[in-house]
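Encoded as structure tokens, the structure appears first; notes follow it.
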Amino acid sequence: MAELLRKGDKGRSVKTLQRQLIRENNNALVVGEVDGEYGSETENAVLTFQKKHSDLGNTGVADLPTQARLIKVILLKEGSKGRGVKMLQEALIRFTINIPSGADGIYGPDTTKAVKTFQTQNGILADGQAGAVTLDTLDKALNVYYVGPGATGTIYTSVVRMVQSQLIQSKIDLPLFGVDGDYGTETTNGVK
């Protein structure tokens with residue numbers, strides 16, 4: 001996100017903001033969840049965050065300093081619990097990373113291992129903690145709506161793996177490479 005967000009805005013950037021607000025505060029957005037609409041509840045969650053950081057101003061507008069601080073203060077790691085952790089786990093599972101304990105909202109050893117896998121797949125230092133770089137990469141991957149042949153870069157690896165997994169679940173065989181994160185000829189033919 002690198003744009004000013006305020007009440008009335010809609011879209012992927014708002015969804016990212018909403019995910020970040022929940023990761024930072026498990027009690028944020030209990031009614032609307034992540035819907036991509038910057039309504040009163042999102043505005044109030046931004047205002048609550050701004051009040052915790054007095055140098056940001058109390059506007060309810062997610063300006064660039066507010067967004068930068070929000071991404072900087074979030075750190076999910078072993079021992080973390082709640083809705084933000086559950087959202088992280090659901091996203092990792094969506095990107096075909098196994099978490100034996102499931103999306104239970106508890107950041108334990110299974111989640112640490114899953115985060116390390118995501119980090120390794122996306123060229124991020126694999127420390128098992130979901131901080132700014134990991135969550136930014138995850139959010140960018142969650143916001144991808146199109147991926148095609150030749151897709152490269154950190155955010156596409158997880159998205160391509162998800163597409164490949166869905167092909168296999170749909171009984172479309174990828175016998176040579178399977179779920180490898182590379183959108184090559186085999187994946188192209190499978191999608192066709």
Side-chain angles (χ1 to χ4, degrees), residues 1-95 103 105 107 111 114-115 118-119 121-147 151-159 162:
M1 293 184 310
E3 61 188 284
L4 182 80
L5 297 171
R6 61 172 56 101
K7 191 172 181 179
D9 288 342
K10 297 179 181 184
R12 291 179 277 186
S13 294
V14 175
K15 281 185 175 185
T16 298
L17 173 67
Q18 291 170 326
R19 283 192 297 267
Q20 291 170 344
L21 289 165
I22 292 170
R23 290 173 187 144
E24 191 274 332
N25 177 0
N26 282 314
N27 297 315
L29 304 172
V30 294
V31 177
E33 292 287 329
V34 178
D35 61 5
E37 295 186 19
Y38 201 123
S40 296
E41 190 175 25
T42 301
E43 182 180 52
N44 288 334
V46 169
L47 189 57
T48 298
F49 177 76
Q50 290 171 330
K51 286 179 179 177
K52 286 197 264 185
H53 303 273
S54 59
D55 61 314
L56 293 176
N58 297 326
T59 62
V61 173
D63 57 11
L64 300 182
T66 298
Q67 292 177 46
R69 179 73 55 81
L70 183 58
I71 212 166
K72 183 179 177 184
V73 300
I74 301 169
L75 177 62
L76 301 176
K77 59 184 182 177
E78 213 158 306
S80 298
K81 296 179 182 176
R83 292 171 50 228
V85 172
K86 185 173 182 175
M87 286 180 1
L88 168 68
Q89 293 167 325
E90 290 169 346
L92 293 170
I93 292 167
R94 178 176 173 193
F95 292 128
Y107 203 123
T111 302
V115 169
F118 178 81
Q119 290 168 327
Q121 290 174 352
N122 289 281
I124 302 168
L125 174 67
D127 64 1
Q129 297 183 8
V133 174
T134 300
L135 293 172
D136 183 55
T137 303
L138 182 68
D139 284 332
K140 286 177 181 172
L142 288 168
N143 285 335
V144 170
Y145 284 89
Y146 169 81
V147 65
T152 59
T154 58
I155 65 168
Y156 292 108
T157 301
S158 294
V159 177
M162 180 180 65

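Residue indices begin at 1 and follow the sequence shown.
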Q: State, yes or no, whether a side-chain contact exists between Asn25 and Phe49 at a heavy-atom distance under 4.5 Å.
A: no
Q. With Ser40, which residues qualify under side-chain hydrogen bond (donor to acceptor under 3.5 Å, both in side chains), at least two apart?
A. Lys7
**Q.** Partners meeting side-chain hydrogen bond (donor to acceptor under 3.5 Å, both in side chains) with Glu43 (sequence neighbours left out)
**A.** none
Q. How long is the gap from NZ on Lys15 to CD on Glu37, to the nearest 0.5 Å?
A. 10.0 Å
Q: Measure the shortest side-chain to side-chain distance between Asp9 and Thr42 over non-hydrogen atoms and say whether it is less than 4.5 angstrom.
A: no
Q: For Leu75 and Ser80, work out which heavy atoms get closest and say how close.
A: O-OG, 4.1 Å
**Q.** Nearest non-hydrogen partners of Leu138 and Phe95, listed with the distance
**A.** CD1-CE1, 3.8 Å
Q: Measure from the side-chain N and O atoms of Asn26 to the backbone N and O of Gly84, and report whether any donor-acceptor pair falls under 3.5 Å.
A: yes
Q) When you measure from the side chain of Gln67 to the backbone N and O of Leu17, does any donor-acceptor pair fall under 3.5 Å? A) no
Q | Distance-minimising heavy-atom pair for Phe118 and Ile124 | A | CE2-CD1, 4.4 Å
**Q.** Least distance between heavy atoms, Gly60 atom then Leu47 atom
**A.** N-CD1, 3.8 Å
Q) Rounded to the nearest 0.5 Å, how far apart are CD of Glu41 and CG of Asp35? A) 8.5 Å
Q: With sequence neighbours excluded, give me every salt bridge (charged side-chain N to carboxylate O under 4.0 Å, His left out) pair touching residues 53-79.
A: Asp55-Arg69
Q. What closest approach, in Å, do Ile74 and Glu24 show between heavy atoms, and which atom pair accounts for it?
A. CG1-CB, 4.0 Å
(Q) Taking the side chain as everything from C-beta on, heavy atoms only, tell me whether Leu135 gets closer than 4.5 Å to Ile71. (A) no
Q | Value rounded to 0.5 Å, distance of CZ in Arg94 from CG in Leu92 | A | 11.5 Å
Q: Show your reasoning for whether side chain to side chain contact (heavy atoms under 4.5 Å, CB included) applies to Val34 and Met87.
A: CA-CA 10 Å; Val34 178; Met87 286 180 1; 4.2 Å; yes
Q | Gln18 side, atom CD; Leu29 side, atom CG - distance, nearest 0.5 Å | A | 5.5 Å
**Q.** salt bridge (Lys or Arg N to Asp or Glu O under 4.0 Å) partners of Lys51, counting only residues at least two apart
**A.** none
(Q) Any side-chain to backbone donor/acceptor pair from Asp139 onto Asp136? Under 3.5 Å, distance only. (A) no
Q. Considering residues at least two apart in sequence or located in another chain, which fulfil the side-chain contact (heavy atoms from CB on, under 4.5 Å) criterion with Leu125?
A. none
Q) So, for Glu90 and Ala103, which heavy atoms are closest and what is the spacing to 0.1 Å? A) CG-CB, 3.6 Å
Q) With sequence neighbours excluded, what pairs up with Gln119 under the side-chain hydrogen bond (donor to acceptor under 3.5 Å, both in side chains) test? A) Asp127, Thr134
Q) Got a donor-acceptor contact below 3.5 angstrom from the Gln50 side chain to the Val61 backbone? A) yes
Q: Could you please spell out the steps behind the side chain to side chain contact (heavy atoms under 4.5 Å, CB included) verdict for Val73 and His53?
A: CA-CA 11 Å; Val73 300; His53 303 273; 4.1 Å; yes
Q | Side-chain donor or acceptor of Arg83 paired with backbone N/O of Ala28 under 3.5 Å | A | yes
